[in-house]
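First comes the structure, then the notes that go with it.
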Amino acid sequence: MDAHTEDGDYNDETDSMQDVIDHTFGDSLFDDQHNGVDKNPGDISIEDETLGVFDDNQSNDNHQSSNHLHVIINGKQYWIPKVPDEVKPKLKGHYRSYEDITDMYYKYALAAGFDVRKTTNRKNGHGIIRLRYLVCNRQGVPNTGHVDTLNPNRSKIKRRTDSRRTGCNACIRFRMIEGRSTWLLYEFVEEHNHELMSQDNILFSRHHRQLNSWQKSFIISLSNQNVGATQAHRLFTAINGGYNIIGGTVDDFKNLMRDLNCFIGGTDAQMLVDKMTNRTKNVPNFSFDFRVENKQLNAMFWADETSKINYKEFGDVVSFDATFRTNRYDMVFVPFTGIDNHKKCVTFGDGLLSKEDIDSYTWLLKSFLKAFGKQPILVLSDEDPAMKNAIANVFPESIHRLCMWHITSKLPLKVSLDIVNDEEFKLLFNSLIWNSKLEEKDFEQG
């Protein structure tokens, strides 16, 4: 192993470890592994107290990983991955492209049980990379600098991600051969100063958790069908055959949805308007209207062809309900509903309002009248005064009545709970309010 780098750096610790192993075994253990020679350190008697080599497959230590050799030199522990020769980087090997050599090292890292981080790179005058280092993600030392988090003049502190660094020297170094488009791997350090991950836990490695374009498309497609990130992860796992096969955890799926929402940002209203406008051009008899105030979407209304057919047949009575409020945008969802000949609810149209005032309700009812062309015979609503005034202004020919559900829901506020829960009282009360044949005087007396 050549400990001299192109930069002139010299690694004394690597040289001393190599010398001890060469002195003990005669030939280099590392070189034998490169040449495909299988030496089992467990079969070798070692008398040098400064060195110990054993296979974690045969050891009784409580190590999670069993895909490496455990070496102790001068009281320091090192782990050497045991991987097939076809996966291991070839020292002084030639690779056709930069992508080939990086893909090779990432595959080796997954088989060995560690993550990879990109560090040094040098470019020529044309901005093309000619020198590159890929290192173990635990290379370097943690930043121990003091940070005053109570200082109000300091910006928000980013979360530190270097707390697990141990000064590991495992890496590959490669450069582009002058005058050619091929790359030469001129240095390969395979020993780590930390325990490696087992194959059971490799699915939690950073590289394995990267989502590819197919996974991202899958998540976005399910999101369009109102399927959340957690359920999308379960479906993707079931389709592909297990958690150890797919890349990404539930949190990675959630983070993608978070990043997507952040990317959409303040353009989501425009996206909705564009989608609805495009539908009016391509879907027959689709109605859509919206209103903007101070460059913000203030109100919108839409109704499709099915809604218009329902209104034509069953639009004598329309329920105008504004009790649904979305959490994120703080807009009121207002559905126009009715009852068909099977006594099932049907939808006539829908609206969104940012304000519950007379002006907003008036605009919404005018949009409804514009889409359907006629006023309903009877309109049911709650006791909102703004809604009452808007209905009187836009639907002067319609009869306005209050919704019975809203009236009866206030009964516990008017009568004690003992009376409300009394079964005899319920029977008498319902016989009065649901009897359409009673005269006004009889109703009041009852």
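The figures here come from the full heavy-atom set of this structure, side chains too, leaving out hydrogens, waters and symmetry mates.
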What pairs meet the ring pair (Phe, Tyr, Trp, His ring centres under 6.0 Å) rule with one or both residues in residues 412-446, with sequence neighbours excluded?
F425-F429
Report all side-chain donor-acceptor pairs from residues 104-114 shorter than 3.5 Å, counting only partners two or more places apart or in another chain.
none

Quick one: pull up [atom1] in [X] and [atom2] in [Y] and give me the separation to the nearest 0.5 Å.
X    : Y    : atom1 : atom2 : value
Q139 : D115 : CD    : CG    : 14.0 Å
K118 : L134 : NZ    : CG    : 7.0 Å
S319 : F336 : OG    : CZ    : 10.0 Å
R138 : N193 : CZ    : CG    : 8.0 Å

Just checking, R279 and F286: is the charged tip under 6.0 Å from the six-membered ring centre and within 45° of the axis?
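Output yes; distance and angle both within limits.
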Looking only at heavy atoms, which two atoms of [X] and [Y] are closest? And how far apart?
X    : Y    : answer
N298 : S360 : OD1-OG, 4.4 Å
N282 : N278 : ND2-O, 2.7 Å
F174 : T102 : CZ-CG2, 4.3 Å
V379 : I391 : CG1-CD1, 3.8 Å
C136 : R117 : O-NH1, 3.6 Å
D350 : F301 : O-CD1, 3.1 Å

Does the separation of the ring centres of H192 and W79 fall below 6.0 angstrom?
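No, they do not, as the ring centres are separated by 6.0 Å or more.
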Working for side-chain contact (heavy atoms from CB on, under 4.5 Å), residues C403 and D382:
CA-CA 6 Å; C403 175; D382 59 21; 5.6 Å; no
Taking the side chain as every heavy atom from C-beta outward, state whether [X] and [Y] have any atom pair closer than 4.5 Å.
X    : Y    : answer
V334 : F320 : yes
I433 : T408 : yes
E440 : Q445 : no
R173 : L185 : no
E187 : I172 : no
T182 : Y95  : no
P376 : Y311 : yes
F314 : I339 : no

Residue list, side-chain hydrogen bond (donor to acceptor under 3.5 Å, both in side chains) with D304, at least two apart or on another chain:
S307
For E191 and I80, indicate whether the former's side chain and the latter's backbone hold a donor-acceptor pair under 3.5 Å.
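No, the answer is negative, given that no donor and acceptor are paired below the 3.5 Å cut-off.
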So, the side chain of T277 versus the backbone of D274: is there a donor-acceptor pair under 3.5 Å, distance only?
no
Verdict with reasoning, K355 to E293, per side-chain contact (heavy atoms from CB on, under 4.5 Å):
CA-CA 11 Å; K355 298 179 181 178; E293 289 185 0; 4.0 Å; yes
Step through the shown structure and confirm whether more than 12 heavy atoms of other residues, nucleotides or ligands are within 6.0 Å of [atom1] on [X].
X    : atom1 : answer
K426 : NZ    : yes
E86  : CD    : yes
K374 : NZ    : yes
F372 : CZ    : yes

Under 4.0 Å between a Lys/Arg side-chain N and an Asp/Glu carboxylate O for R96 and D100?
yes
Under 4.0 Å between a Lys/Arg side-chain N and an Asp/Glu carboxylate O for D359 and R291?
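A salt bridge is present here (some side-chain N lies under 4.0 Å from a carboxylate O).
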Pair [X], [Y]: side-chain N/O donor-acceptor within cut-off below 3.5 Å:
X    : Y    : answer
T362 : N393 : no
S381 : H400 : yes
K308 : N285 : yes
H70  : Q77  : yes

Give the intermediate values and the outcome of side-chain contact (heavy atoms from CB on, under 4.5 Å) for residues Y98 and R132.
CA-CA 9 Å; Y98 170 79; R132 183 59 137 168; 3.1 Å; yes
Fit a plane to each ring of F395 and F368, take the angle between them on a 0 to 90° scale, and name the class: parallel (under 30°), tilted (30 to 60°) or perpendicular (over 60°).
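F395 vs F368 ring planes: perpendicular.
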Please assess I407 against L402 for the test side-chain contact (heavy atoms from CB on, under 4.5 Å), listing each intermediate value before the final yes or no.
CA-CA 8 Å; I407 294 175; L402 301 180; 4.1 Å; yes
Option among V292, V273, L353, L272 that satisfies the side chain to side chain contact (heavy atoms under 4.5 Å, CB included) test with M300:
L272
